[in-house]
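Small disclaimer: the values here were computed from a predicted structure and weren't measured.
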Amino acid sequence: MSDTTNQSNDTQAQKGPIIPKSPSEALRPERVPEPPKRSKKARGQVVLFLNFIMTMAVLVCVVAIIGFYYATSTYRNPGPLQTNTNFIVRSGAGLTEIASNLERNAIISDARIFRYLTATHLSAGESLKAGEYEIKARASMRDIMELLKSGKSILYSVSFPEGLTVRQMFDRMLQDTVLEGDLPAALPTEGSLRPDTYKFSRGTKRSEIIEQMAAAQQKLVDQIWDKRDSSLPLRSKEEFVTLASIVEKETGVPDERAHVASVFLNRLGKGMRLQSDPTIIYGLFGGEGKPADRPIYQSDLKRDTPYNTYVIKGLPPTPIANPGKDALEAVANPWKTQDLYFVADGTGGHVFSATLEEHNANVKRWRKLEADKGSDPNIAVDGQPEEQPADNGATVAPPKKKKIN
């Protein structure tokens, strides 16, 4: 018998005699031994805590990834806005306020997503700019952020035609409901504001527009004055603007401005009174302007005001309106003529003449046209006396013009 067989017998002998089992006992499963118990070290609190931390870290990472994906998708996907709408960012508004207002107006779906992700797109010193913006339908949060960051807000405009007085310009600004703020109590000097169209965004102060107008006019006057005809009988920029304001009010025909300017400059050179109807109107009504239904009467020609150039010599003390670029350039570089008179021709323009005889003939034609219309002879609509002594003793006639409203 081999050694293996002997060892098996020895083992069996150690276990004791073999006891036979019944069939039911033989089929019963043997009891599985219990697994070995974990060591006290494995059951330590540190290990349990570390396992908890690892589990939570994994969960947080998963949630963060899902949340980041959701947030970035929401930030870039089309928003809930169904139609284009205007949105106002007030001056000084922070990101939290802007985000809340966007959500409140149903422009975005989640203010928190907009606030947090927009903050990541703004570099140091950058912010969303105040103004009124047009938000397009279905605009994403990213689109809205880019728009508000760019500052490309809706622009409005206010226009001031040439020849308005400062008071009339102020009235226009008061009527504009988009502009904000009060007007200065003291009016700027007549002629110091540039007639033009000014663009602005909601929230712009009226005082800001006035500052722009004053700076623009000063720059324009300086530029044109520096390029003026050196032979002009004008001693200062103030006189230059004053005469330009008279030319501005005398004619609305662009091609006539330099010709009208030559007439007034020729009269100044000869010591003749300017005899300009617009100066009478300003002397009577100031910056408010003449009422549309109030004509100029013959008696108005004799009114003693500082602006009545039928009475005073030379230029009035201030401009009578705010002249535009064309009128300023016409005075700075007038036509070279010998003309001393002009009268309305019935078509909106004027006919010019260098002698009193020519002028009187033109005046008669004009008066006939007015008479055929049934005009009141008491109204001084180019109906002043044909002849009038000049300062130098010669007999001259005042320049005749069209009716000025």
Specify the closest pair of heavy atoms between M141 and S109, including all atoms of both residues, with the distance to one decimal.
CE-OG, 3.7 Å
Look up atom NZ in K199 and atom OG in S157, then write down how far apart they are to the nearest 0.5 Å.
5.0 Å
Just how far is it from atom NZ of K149 to atom OG of S127, taken to the nearest 0.5 Å?
10.5 Å
A side-chain contact here means heavy atoms from C-beta on lying under 4.5 Å apart; do Q168 and P161 qualify?
no
One pair to check against side-chain contact (heavy atoms from CB on, under 4.5 Å): I144 and F114. What are the steps and the verdict?
CA-CA 9 Å; I144 295 170; F114 181 85; 4.2 Å; yes
When you measure from the side chain of D326 to the backbone N and O of P254, does any donor-acceptor pair fall under 3.5 Å?
no
Given 3.5 Å as the limit, does a donor-acceptor pair link the side chain of N77 with the main chain of S73, or not?
yes
Locate the shortest heavy-atom distance separating V241 from P319; write the atom from each residue and the value.
CG1-CG, 3.8 Å
Between the NZ atom in K136 and the OG1 atom in T83, the distance rounded to the nearest 0.5 Å is 11.5 Å
Polar contact flag, side-chain donor to acceptor under 3.5 angstrom, R194-Q212:
no
Are S276 and T309 close enough that a side-chain donor and a side-chain acceptor fall under 3.5 Å?
no
Under 3.5 Å: donor-acceptor pair, side chain of R367, backbone of K364
no
Are Q218 and K237 close enough, and set up right, to give a side-chain contact (heavy atoms from CB on, under 4.5 Å), and what steps lead you there?
CA-CA 10 Å; Q218 184 64 57; K237 284 185 281 190; 4.1 Å; yes
Test item: N308 side-chain N/O and R303 main-chain N/O as donor-acceptor pair under 3.5 Å:
yes
Does the side chain of N86 pick up a donor-acceptor pair with the side chain of E132 at under 3.5 Å?
yes
Test side-chain contact (heavy atoms from CB on, under 4.5 Å) on H121 and R142 and set out the steps.
CA-CA 9 Å; H121 287 82; R142 181 181 177 86; 2.9 Å; yes
Could you go through the ring pair (Phe, Tyr, Trp, His ring centres under 6.0 Å) check for F264 and F342 one step at a time?
CA-CA 10 Å; F264 286 130; F342 60 91; 5.8 Å; yes
Charged N to carboxylate O under 4.0 angstrom, K227 versus D222?
no
Please examine the side chains of H350 and T251, heavy atoms only from C-beta on, and report whether any two atoms are closer than 4.5 Å.
yes
Looking at every non-hydrogen atom in both residues, tell me the closest pair between P306 and P317 and how far apart they are.
O-CD, 3.2 Å
Taking all non-hydrogen atoms of both residues, which atom of M145 and which atom of L128 are closest, and how far apart?
O-CD2, 3.9 Å
E126-S123 side chain donor-acceptor pair, cut-off 3.5 Å
yes
Check whether any side-chain heavy atom of R206 sits under 4.5 Å from a side-chain heavy atom of F170, and report yes or no.
no
Looking at R112, I'd like to know if its CZ atom is crowded, meaning that more than 12 non-hydrogen atoms belonging to other residues, nucleotides or ligands lie closer than 6.0 Å.
no
With a 4.5 Å cut-off on side-chain heavy atoms, are Y307 and I280 touching?
no
Donor-acceptor pair, side chain of R202 and main chain of V178, under 3.5 angstrom:
no
For residues 157-176, the salt bridge (Lys or Arg N to Asp or Glu O under 4.0 Å) pairs (sequence neighbours left out) are R167-E288
Is atom OH of Y70 surrounded by more than 12 heavy atoms (other residues, nucleotides or ligands) closer than 6.0 Å?
no
Rounded to the nearest 0.5 Å, what separates atom CG in D339 from atom CG in L265?
12.5 Å
Within a 6.0 Å radius of atom NZ on K325, are there more than 12 heavy atoms belonging to other residues, nucleotides or ligands?
no
Ignoring hydrogens and geometry, is there a side-chain-to-backbone donor-acceptor pair from E248 to A321 under 3.5 Å?
no
Less than 4.5 Å apart, side chain to side chain, heavy atoms only: is that true for K129 and L148?
no
Taking all non-hydrogen atoms of both residues into account, name the closest pair between L369 and G346 and its distance.
CD1-CA, 4.3 Å
Within the side chain of E190, is there an N or O that forms a donor-acceptor pair under 3.5 Å with the backbone of V166?
yes
For a 4.5 angstrom cut-off between non-hydrogen side-chain atoms, does P334 reach H259?
no
Closest heavy-atom contact between V331 and A244?
CG2-CA, 3.6 Å
Is it the case that the side chains of D143 and S140 hold a donor-acceptor pair, with the cut-off being a distance below 3.5 Å and no angle test?
yes
Taken to the nearest 0.5 Å, the spacing of L243 CG from I320 CD1 works out to 10.0 Å
Would a distance-only check, ignoring hydrogens and angles, find a side-chain to backbone donor-acceptor pair under 3.5 Å from N84 to A137?
yes
Look at the side chain of K290 and the backbone N and O of R294, then say whether any donor-acceptor pair between them is shorter than 3.5 Å.
yes
Within-4.5 Å side-chain heavy-atom neighbours: N322 and S245:
no
Any side-chain heavy atom of L328 within less than 4.5 Å of one from Q223?
no
So for atom CD, which belongs to Q338, do other residues, nucleotides or ligands contribute more than 12 heavy atoms lying within a distance under 6.0 Å?
no
Examine the side chains of E329 and N333 and answer whether a donor and an acceptor come within less than 3.5 Å of each other.
no
D182, CG atom: more than 12 neighbouring heavy atoms under 6.0 Å
no
Under a 3.5 Å distance rule, please check whether E103 uses its side chain to pair with a backbone N or O of A99 as donor and acceptor.
no
What is the distance from atom CZ of F240 to atom CG of L315, rounded to the nearest 0.5 Å?
12.5 Å
Applying salt bridge (Lys or Arg N to Asp or Glu O under 4.0 Å) to R257 and E250, what does each step give before you reach the verdict?
CA-CA 8 Å; R257 290 192 179 102; E250 281 287 359; over 6 Å; no
CA sep, side-chain torsions, deciding dist, call: T118, I113, side-chain contact (heavy atoms from CB on, under 4.5 Å):
CA-CA 8 Å; T118 295; I113 292 177; over 6 Å; no
Looking at Y75 versus Y116, is the centre-to-centre ring distance below 6.0 Å?
no
Test Y133 against F87 for ring pair (Phe, Tyr, Trp, His ring centres under 6.0 Å), laying out the working first.
CA-CA 5 Å; Y133 299 87; F87 179 74; 7.8 Å; no
